[in-house]
Amino acid sequence: MYKCKMESVGANPFSSCLQTLRVGDRECHFYGISKFDEEKIKKIPFSIRVLLESAIRNCDNFHVSEKDVDSILNWSPSMDQNIEIPFKPARVILQDFTGVPVVVDFAAMRDAVKKLGGDPQKINPVCPTDLVIDHSVQVDVSRSTHHFSPNPGGGIGTGSRGGSDAGSRSTCKCPRSEFPVLDPVCPFHGHQTSGADALEKNQELEFERNKERFSFLKWGASALKNMLIVPPGSGIVHQVNLEYLARVAFDEEGLLYPDSVVGTDSHTTMINGLGVLGWGVGGIEAEAVMLGQPISMVLPEVVGYRLTGEVGSLVTSTDVVLTITKHLRQVGVVGKFVEFFGPGVSTLSIADRATISNMCPEYGATVGFFPVDKQSLFYLRQTGRDEEKIKLIEQYLQASQLFRDYSNPDQDPVFSQVVELDLSTVVPCCSGPKLPHDKVPVTEMKPDFQSCLSNKIGRKGYGIPEDKLETKVPFIYDGQEYTLAHGSVVIAAITSCTNTSNPSVMLGAGLLAKKAVEVGLSVKPYIKTSLSPGSGVVTYYLRDSGVAEYLQKLGFEIVGYGCMTCIGNSGPLPEEVAGAIEKNDLVACGVLSGNRNFEGRIHPLTRANYLASPPLVIAYALAGTVLTDFEKEPLGMGAEGMPVFLRDIWPSRAEIQQIESHSVVPAMFQDVYSKISIGNTRWNSLEIPETDLYPWDPKSTYIKNPPFFENMTRELKPLEGVKDAYVLLSLGDSVTTDHISPAGSIARNSAAARYLISHGLVPREFNSYGSRRGHDEVMACGTFANIRLVNKLISKAGPRTIHFPSGEEMDVYDVAQRYINEGRQLIVLAGKEYGSGSSRDWAAKGPWMLGVRAVIAESYERIHRSNLVGMGIMPLEYLPGQSAESLGLTGKETFSIPLPADLETGQILDVQVSDGRTFRVKARFDTVVELTYFRHGGILNYMVRQML
């Protein structure tokens, strides 16, 4: 065992463990994990090695202790499953919905520092932070024609750069001189091109709806250092991360370390396909990392997923990931790392691996990790990364035992569990109709959907009466009569970074479209077809390969660069179609190349939604119904009057690979991403204040200065407990962050609606809670506003509670405001697993806004408990075997919780009840760092004082 010299708190006790690596004429350094125990390191999964390196490099015996390093070093399949460790990721990535409140907090922190006499310019992200605006565009317009599109990916705005006359266009320089110009105008410079009206109109509507939010983010890009904001129209956050933002290894003034990332989107996991360890977190955890703090996590079990064989010639990476998703759901990997190994991995491209990693949330794991190998380096070259940097990455990762050879079983580490998949057994499939892990082989789609129609209502059932199963609904669209039935496809969307980042499936879809058009097939005009790539690179290679025009002819023209249909931004259906579905209770279908298909997510009127590869999306659009047996039934009649089957036009893997090798080249990536921060005309025309402090608009209903620092002082105040607090809510078990945090549309009878109406808005202007996450008052109105919230203080489910001094029952927000106006404190009583589900920052911020200063629960979801601490709310836990029921607490009492000046982690505290009783609880401050945050009133307050 390698021993290091012990040093004091604040200094890294492992600083003498630095190793030297000569790269060309440079001398670099890195923390070599093999110095500890080389044989032990060889047995540790590669994903755990990344955690170990981070702990060693960041060890200061405060945020990260030597004990934490030792815990990770001693990872084993038989270890205690409740070991908490800190982790400092190398960077943070945000999307705009979750990124707005983060930038709001940074702007508010600057105000606080200024108010307290400090320098506001000191408030910046400590670690590199990227924010990609991709969640706001929706498919309002599709299948339009005509002209004048922005540059693919939004690199340059409409009519900008290169001039608009023929002479200037003819002299522009393209990255590839042999690029076949399909239109009279160079596609690299975004001038007049057919079939681009939908893209233009959708982007115009996006800016109309989100101008205020975009202006605020643009101010953030200008005012905050160490933060890159990628403008709207550039691509999907995870695809931009994969193709451009990922470093794979950092070189910080000669100190080398692995790239790792956390993001405020669950599909941040996609980057694991490139060998970058990353996953999704809530906003508070992301802000902590941005401010240089670690996140707390349980040292995970690691499931080894062994891949063998090769995929068949007709199988896509989408089929593989849907198969893996179902398999791992059956295995059970929630809260675990999954690490892929075996000879089959070498046969998968990085795009294939990224597709598998992308759907990690759907199979339930924290990450689906593919360690870096030679294929990773090939991808870096393919996407135009610097050659010298690639050589450095290879040398460093090899020297630090983080580089993988999948064909060498001697490199296989020890896993907590091993499962296996032979890739040759994968068949073409879809998933649905309501869950992403309900895989259905294409050969079984027709009978499976038929059974779903008659099954009782549930995840695989709609409860359609027998006499309604054959319902046919004629309707007139654009002067012609068509018929809808159960199973009719009304949305067909090639969307989502899950698949649009993968050239093989995108080119496969293009080749299928080409062959379909050439034999005379078409898609019915009422089907809402769309293509929303994850980056402008997709547009380039679709045009370069010659398939873009055929996709357009089938209605799959580019409608925007963003998440779009995958996150429910599918836009309206034609009125004639919507009316036929609604009046006849049809189970209409959406087919999309996305990653989630929960009921109601894609569109309110598509009760059945299937995830499928881009080629299958086109196939079902051509067929017009999911009730098609492709083996026996044709897609339609060709131009010569003969039936055309899917097998007649399905491209082989060899065909796709041949066209991919020619059409996907580094110059495309270099051109798109060289202009990534330039933006388009609309973005560039947004006027922003050139100030270090944001000039808040008091009339705004989107952006507001939060009150987190209103009563903050420069000096730390003595600890204050809770005095005579009323119970705002008395809740049971498994209250999730969905019950707590505002989400979805704003109901017309809600507190948020009343607030917006009082500010002059009408219901059609409400937008969603997601779009208003930068406004604390709107979000406070929506906290605990879930209609399924069960509060024991009232008789039925809903967002209501009792104001005990008056006995009145009102909305939770209204009761909380009355208590606040009366100067009274509040607590929440809860059962087991309080705060389970996805990590959401407003599930902690919202209760704080409502005046909640403590939660007493039987147990907590780990991350939510940490978030409560981060907002200065006390997470208290009943002693084992106790609960509100066992203690006879009705929730009508008031509670006092005094705190000692020398409060310690895990301390047992007395809770004094107004009826004279006392019971004891455990203070769930689990680390000294958490206790430090709480003493300051939360992590943001702590960081403000650190900057003074």
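In this text, all values refer to a predicted model and were calculated from it rather than measured experimentally.
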Enter the distance from [X]:[atom1] to [Y]:[atom2] here, rounded to the nearest 0.5 Å.
{"X": "Thr268", "Y": "Leu94", "atom1": "OG1", "atom2": "CG", "result": "9.0 Å"}
{"X": "Ile688", "Y": "Lys218", "atom1": "CD1", "atom2": "NZ", "result": "5.5 Å"}
{"X": "Ile133", "Y": "Leu217", "atom1": "CD1", "atom2": "CG", "result": "5.0 Å"}
{"X": "Leu224", "Y": "Ile229", "atom1": "CG", "atom2": "CD1", "result": "7.5 Å"}
{"X": "Ile271", "Y": "Ile93", "atom1": "CD1", "atom2": "CD1", "result": "7.5 Å"}
{"X": "Ile602", "Y": "Ile491", "atom1": "CD1", "atom2": "CD1", "result": "8.0 Å"}

Is the closest side-chain heavy-atom distance between [X] and [Y] below 4.5 Å?
{"X": "Thr783", "Y": "Met849", "answer": "no"}
{"X": "Phe207", "Y": "Trp683", "answer": "yes"}
{"X": "Cys127", "Y": "Val289", "answer": "yes"}
{"X": "Val855", "Y": "Ile873", "answer": "yes"}
{"X": "Leu829", "Y": "Leu731", "answer": "no"}
{"X": "Glu206", "Y": "Gln138", "answer": "no"}
{"X": "Leu291", "Y": "Met109", "answer": "yes"}
{"X": "Ile939", "Y": "Asn941", "answer": "no"}

side-chain contact (heavy atoms from CB on, under 4.5 Å) between Val262 and Ile295: does it pass, once the steps are laid out? CA-CA 10 Å; Val262 290; Ile295 57 173; 3.9 Å; yes
N/O donor-acceptor pair under 3.5 Å between [X] side chain and [Y] backbone:
{"X": "Ser431", "Y": "His437", "result": "no"}
{"X": "Thr691", "Y": "Tyr694", "result": "no"}
{"X": "Asp841", "Y": "Gly282", "result": "no"}
{"X": "Thr269", "Y": "Val367", "result": "no"}
{"X": "Asn609", "Y": "Pro433", "result": "no"}
{"X": "Asn499", "Y": "Ser593", "result": "yes"}
{"X": "His759", "Y": "Tyr755", "result": "yes"}
{"X": "Asn202", "Y": "Val559", "result": "yes"}
{"X": "Thr98", "Y": "Thr264", "result": "yes"}
{"X": "Gln239", "Y": "Thr500", "result": "yes"}

Hydrogens and angles aside, do [X] and [Y] bring a side-chain donor and acceptor to less than 3.5 Å of each other?
{"X": "Ser836", "Y": "Thr736", "value": "no"}
{"X": "Arg209", "Y": "Ser771", "value": "no"}
{"X": "Asn358", "Y": "His238", "value": "no"}
{"X": "Thr801", "Y": "Asn791", "value": "yes"}
{"X": "Ser859", "Y": "Glu833", "value": "no"}
{"X": "Asn867", "Y": "Arg862", "value": "no"}

Within a radius of less than 6.0 Å around NZ of Lys832, do more than 12 heavy atoms belonging to other residues, nucleotides or ligands occur? no
Heavy atoms only: give me the nearest [X]-[Y] pair and the separation to one decimal.
{"X": "Glu765", "Y": "Gly760", "result": "OE1-O, 4.2 Å"}
{"X": "Asn595", "Y": "Ser496", "result": "ND2-OG, 3.7 Å"}
{"X": "Cys360", "Y": "Ala365", "result": "SG-O, 3.2 Å"}
{"X": "Asp811", "Y": "Ala751", "result": "OD2-N, 4.0 Å"}
{"X": "Asn705", "Y": "Ala108", "result": "OD1-CB, 3.4 Å"}
{"X": "Ala844", "Y": "Ile284", "result": "CB-CD1, 3.8 Å"}

Ion pair present between [X] and [Y], side-chain N to carboxylate O less than 4.0 angstrom?
{"X": "Arg682", "Y": "Glu200", "result": "yes"}
{"X": "Arg788", "Y": "Asp738", "result": "no"}
{"X": "Arg865", "Y": "Glu930", "result": "yes"}
{"X": "Asp96", "Y": "Arg213", "result": "yes"}

Stepwise side-chain hydrogen bond (donor to acceptor under 3.5 Å, both in side chains) test for Arg596 and Ser266: CA-CA 11 Å; Arg596 286 185 174 170; Ser266 57; 3.2 Å; yes
Within 45° of the axis and under 6.0 Å from the centre of the six-membered ring of Trp848, does NZ or CZ of Lys845 qualify? no
If you draw the axis of the six-membered ring of Tyr462, does the NZ or CZ of Lys434 fall within 45° of it and under 6.0 Å from the ring centre? yes
Look at the rings of Phe216 and Trp219 and say which category their plane angle falls in: under 30° parallel, 30 to 60° tilted, over 60° perpendicular. parallel
Describe, in one word, how the ring planes of Tyr819 and His803 are oriented to each other, choosing from parallel (under 30°), tilted (30 to 60°) and perpendicular (over 60°). tilted
I would like to know whether His864 and Tyr834 meet ring-ring contact (aromatic ring centres under 6.0 Å, His included); could you show each step before the answer? CA-CA 8 Å; His864 183 64; Tyr834 180 73; 5.3 Å; yes
Give the intermediate values and the outcome of salt bridge (charged side-chain N to carboxylate O under 4.0 Å, His left out) for residues Lys201 and Asp140. CA-CA 8 Å; Lys201 289 181 178 178; Asp140 291 288; over 6 Å; no
Let's go through Tyr769 and Ile746 carefully: what are the C-alpha distance in whole Å and the side-chain angles of both, what is the deciding distance for side-chain contact (heavy atoms from CB on, under 4.5 Å) to 0.1 Å, and is it a yes or a no? CA-CA 6 Å; Tyr769 284 113; Ile746 297 174; 3.9 Å; yes
Stepwise side-chain contact (heavy atoms from CB on, under 4.5 Å) test for Leu605 and Leu573: CA-CA 9 Å; Leu605 296 180; Leu573 291 175; 4.1 Å; yes
Stepwise side-chain contact (heavy atoms from CB on, under 4.5 Å) test for Leu729 and Leu793: CA-CA 7 Å; Leu729 297 158; Leu793 302 180; 5.6 Å; no
Do any pairs count as a salt bridge (Lys or Arg N to Asp or Glu O under 4.0 Å) and have a residue in residues 769-782, sequence neighbours left out, and if so which ones? Lys704-Asp776
side-chain hydrogen bond (donor to acceptor under 3.5 Å, both in side chains) between Ser530 and Ser142, intermediate numbers included: CA-CA 6 Å; Ser530 62; Ser142 63; over 6 Å; no
Can you sort out the partners of His267 under ring pair (Phe, Tyr, Trp, His ring centres under 6.0 Å), two or more places apart, ordered by chain and number? none
